[in-house]
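Here the structure is laid out as C-alpha cells; the discussion comes afterwards.
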2 protein chains.
Amino acid sequence: MIKGLPKVLVVDDEQDILELIRHSLAKEGFEVHIAANGAQAIEQAKKVKPEIIIMDVMMPVMDGMEACRQLKELPETKHIPVIFLTARSEEFAELAGFEAGADDYIAKPVRNRVLLSRVKAILRRRNALVTPEPEKYDFDNLKIDRERFVVEYDGRTLQLPRKEFELLSFLASRPGRVFSRDEILENVWGNEVLVVDRTIDVHVRKIREKLDDKFIYTVKGVGYKFES
Amino acid sequence: MIKGLPKVLVVDDEQDILELIRHSLAKEGFEVHIAANGAQAIEQAKKVKPEIIIMDVMMPVMDGMEACRQLKELPETKHIPVIFLTARSEEFAELAGFEAGADDYIAKPVRNRVLLSRVKAILRRRNALVTPEPEKYDFDNLKIDRERFVVEYDGRTLQLPRKEFELLSFLASRPGRVFSRDEILENVWGNEVLVVDRTIDVHVRKIREKLDDKFIYTVKGVGYKFES
DNA sequence: ATTCCTTTGTAACATAATGATTAAAGGACT
DNA sequence: AGTCCTTTAATCATTATGTTACAAAGGAAT
C-alpha cells in the first residue's frame, strides 16, 4: 500500500535553476533526478521511469520541445506527464508546446509554490483511481479504525501515536501472518529506513501496554504477528 | 432551483465572435454576460454568478487556462462549469484543459447548434446530478448552515469568516474522518494551493476559540478531524 | 539440569517532530 | 483611513520517536 517516493525528473541547462527546483522538490518528499538537456532527459526518463517530468523549453543540444515529442513517441515514456518551463506564459501557446505533447506549463520565474501545487495536482489526478484500502479492521474486542485513526479496545477508545497505530494496523491487516522486522520496517517505516530494527520492539512494548499484552505475539527468531 | 433566466458568461477577445455567441444565446433565452479576457472573466464570474462559462483558450492579459484554474480555486465560482473554445478539437486533449478544471470544450469555428446543445447538456446534467449536498449539518449543539453561511452554536448564531467556515464545514462533512493537511488544502483551498499548510493550524485555532475548543480535534502526525 | 548464547523485553534518556499560540504583515473591502 | 480576513513567521511546549544499556527469557548442546 505504501509506495516509494514519487520520482520526478527535472531538466534544465541552467545549473542554479536545476538546484533550486531539485531542492524544493526533495524537501517535499520527491525522489529527484536531473538532466541538463533533452538528450539526457530521454535517457534518464527511460531509465528511472519518473512519475512526472519538468522540463525547460529552451536548452542546448536538444530543446524541450523536441525531447517532449520524442518522449511521447516512446511506449515506455509516452504516458509520463511533462510540464514545461517557459519564459513567458503566452509564449507557450505560440510555442505550440501542447502540440509537442506537454501536459502543462509553468511560466518563469518559477515560484516554488506554484511548481509544487502543479506537480501535486497532476499526480493527484493520476492516482485518483487507486483502490482505497479497507478503512476498518474489526476483531472480537478490538476495532481498528483507520479513518478516524483510533482503536477501540474493551469499550474504550484509544488514540495511539502514529507509529504505534500504523504498526498495529499493519500487523492486523494480515492476522496470524508473521512479519519479520525487516518486513515491518519496509511497510511501516517506508522505503528509506534509517531506523534500527529494535525500535520496533519498543513500539510493540508500548502497544502491548495499552492493549494488556493481547493481540501482538512474538515469534522468536522470526518476528511479530497479530492474533485476536 | 434556478430562478430567472439562466446566466451565461461568454469570454473571448475577438469582438465579432463574442457578438455572435451573445446573440444566439440571448435568442435562446439566456441572460448573457461578456468579458474580453481572463481577468475580466473572473471579475464577472464573481459578480454575476453565471450558471455556466464559455471561454476562449487563447486570450491576451490572461489566457483561458489560467482563468479557469483561478475560477476553480475560488469557492464562489469553483462549481461553475467551464466550456473552452479551442481552434482545433485535438488540441484540447493535449491542452490539458481538463487539468485546469474545464468541463467541456467546443472546437472553433463555433457552430450555433453545437454550442447550444452543449450548453444545454451541461446545464441539464448539473441540475440532475448536482450532488444534493446537504446544505445543513446538524449536530448536538452545533448547526452548520451552508446556505446562510452561519453556524449556530450554543444558542448563538456566529458569522465565521469564509475560510474558517469552509474549513469547519469541510471537516464536519465527514464527522470522525481524519483529514491530512494536504487533503484539507486540496478541498478547502482548491486545486492550485498556494498557501503553507500551517495556515490551517491558525484557522483551526480561531475556530476553536469561537467554539470553546470543541468539535475539532488534532491527530498528531496525521491531521485534524471533526467530532461532536 | 546446567551452561552458554541468542533473542527479546524494559526502562531511561536524548533528540526530533509536531502542533499551539502569538504577533505582525499584507490585502481586500468599506 | 480603518477594519477585518488571510497568511506567514517565530517561539514555545509537548509529545513522539529512536537509541542504548541492561535484564530477562528461551533454546540448544552438553
Side-chain angles (χ1 to χ4, degrees), chain A residues 27-29 111-114 116-117 149-150 158-171 178-182 184-185 188-190 192-225, chain B residues 39 42-43 46-47 70 73-77 149-150 158-171 178-182 184-185 188-190 192-225:
Chain A
K27 209 173 61 181
E28 246 350 86
R111 299 195 42 201
N112 271 342
R113 290 283 172 64
V114 175
L116 280 176
S117 80
F149 223 84
V150 295
L158 303 179
Q159 267 278 9
L160 303 194
R162 190 172 56 165
K163 275 274 139 58
E164 290 172 33
F165 184 86
E166 296 283 12
L167 174 54
L168 175 65
S169 166
F170 169 66
L171 292 174
V178 183
F179 292 99
S180 71
R181 289 191 174 71
D182 277 351
I184 293 173
L185 283 180
V188 177
W189 269 257
E192 292 224 18
V193 180
L194 6 87
V195 181
V196 171
D197 63 355
R198 297 299 312 279
T199 302
I200 297 167
D201 301 31
V202 179
H203 283 295
V204 166
R205 156 94 206 331
K206 297 220 183 107
I207 297 170
R208 283 175 170 162
E209 201 168 58
K210 288 164 187 166
L211 302 185
D212 302 333
D213 287 340
K214 290 166 187 160
F215 306 111
I216 297 184
Y217 299 96
T218 303
V219 180
K220 205 163 171 181
V222 189
Y224 293 101
K225 69 176 171 181
Chain B
I42 290 169
E43 201 179 311
K46 285 199 280 197
K47 199 159 59 188
Q70 295 195 18
E73 269 165 45
L74 298 169
E76 322 104 271
T77 57
F149 223 81
V150 296
L158 303 179
Q159 264 283 6
L160 302 195
R162 195 176 46 161
K163 276 274 138 61
E164 290 172 36
F165 183 84
E166 294 283 7
L167 174 54
L168 176 64
S169 161
F170 169 66
L171 292 174
V178 181
F179 292 98
S180 70
R181 289 190 175 71
D182 275 351
I184 293 173
L185 285 180
V188 176
W189 269 258
E192 193 90 15
V193 179
L194 298 174
V195 291
V196 168
D197 61 358
R198 292 275 136 201
T199 303
I200 297 167
D201 300 32
V202 180
H203 285 295
V204 166
R205 160 93 204 333
K206 299 234 181 89
I207 296 170
R208 281 175 171 161
E209 202 168 57
K210 289 165 186 166
L211 302 185
D212 301 334
D213 286 342
K214 290 166 186 160
F215 306 111
I216 296 185
Y217 299 95
T218 303
V219 180
K220 210 167 169 179
V222 187
Y224 292 102
K225 68 178 169 181

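So you know, we letter chains A, B, ... as the sequences are listed, proteins then strands, and number each from 1.
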Listed by chain and number, what are the side-chain hydrogen bond (donor to acceptor under 3.5 Å, both in side chains) partners of [X], not counting sequence neighbours?
X: B/Lys163; answer: none
X: A/Thr199; answer: none
X: B/Lys47; answer: none

Worksheet entry | Phosphate-side-chain proximity, B/His203 and D/dT7, N/O vs OP1/OP2 below 4.0 Å | yes
Worksheet item: Is there a side-chain polar atom (N or O) of B/Trp189 under 4.0 Å from OP1 or OP2 of D/dT6?
Response: no
Fill in: Residue pair A/Leu171 / A/Ile184, side-chain heavy-atom distance below 4.5 Å
yes
Discussion item. Applying salt bridge (charged side-chain N to carboxylate O under 4.0 Å, His left out), can you list everything that pairs with A/Lys210, at least two apart in sequence or on another chain?
Written reply: A/Glu164
Tell me the interatomic distance from [X], atom [atom1], to [N], atom [atom2], rounded to whole angstroms.
X: A/Phe165; N: D/dT17; atom1: CZ; atom2: P; value: 12 Å
X: A/Tyr217; N: C/dT7; atom1: OH; atom2: C1'; value: 20 Å
X: A/Lys206; N: C/dA12; atom1: NZ; atom2: P; value: 12 Å
X: B/Ile200; N: D/dT8; atom1: CD1; atom2: P; value: 11 Å
X: B/Lys163; N: C/dG26; atom1: NZ; atom2: C1'; value: 15 Å
X: A/Asp197; N: C/dG9; atom1: CG; atom2: P; value: 12 Å
X: B/Ile207; N: D/dT6; atom1: CD1; atom2: C1'; value: 13 Å
X: A/Ile216; N: C/dT10; atom1: CD1; atom2: C1'; value: 16 Å

Fill in: B/Phe149: side-chain contact (heavy atoms from CB on, under 4.5 Å) partners, not counting sequence neighbours
B/Arg162, B/Phe165, B/Glu166
Would you tabulate the nitrogen or oxygen pairs shorter than 3.5 Å linking the protein to nucleotides 15-22 of chain C?
residue	atom	partner	partner atom	Å
C/dT18	OP1	A/Arg162	NH2	3.3
C/dT18	O3'	B/Gly221	N	3.4
C/dG19	OP1	B/Arg181	NH1	3.2
C/dG19	OP1	B/Gly221	N	3.0
C/dG19	OP2	B/Arg181	NH1	2.9
C/dG19	OP2	B/Arg181	NH2	3.4
C/dG19	OP2	B/Arg198	NH2	2.9
C/dG19	O5'	B/Arg181	NH2	3.4
C/dA20	OP1	B/Arg208	NH1	2.7
C/dA20	OP1	B/Thr218	OG1	2.6
C/dA20	OP2	B/Tyr224	OH	2.7
C/dT22	OP2	B/Arg205	NH2	2.9

Fill in: Contacts of type ring-ring contact (aromatic ring centres under 6.0 Å, His included), residue A/Tyr224, not counting sequence neighbours
none
Worksheet, complete the sentence: All stems that DNA chain C takes part in, i.e. 3 or more consecutive Watson-Crick or G-U pairs with distances under 3.5 Å, are C:1-30 with D:1-30
Discussion item. Please compare A/Thr199 and B/Pro161 by the position of their nearest nucleotide in DNA chain D and report the one closer to 5'.
Written reply: B/Pro161
Worksheet item: Between B/Lys206 and B/Leu160, is a side chain to side chain contact (heavy atoms under 4.5 Å, CB included) present by the stated rule, with each step listed?
Response: CA-CA 9 Å; B/Lys206 299 234 181 89; B/Leu160 302 195; over 6 Å; no
Show me the donor-acceptor pairs, under 3.5 Å and distance only, between side chains in residues 211-222 of chain A and residues at least two apart or in other chains.
residue	atom	partner	partner atom	Å
A/Asp212	OD2	A/Tyr153	OH	2.8
A/Lys214	NZ	A/Tyr153	OH	3.1
A/Thr218	OG1	A/Arg208	NH2	2.7

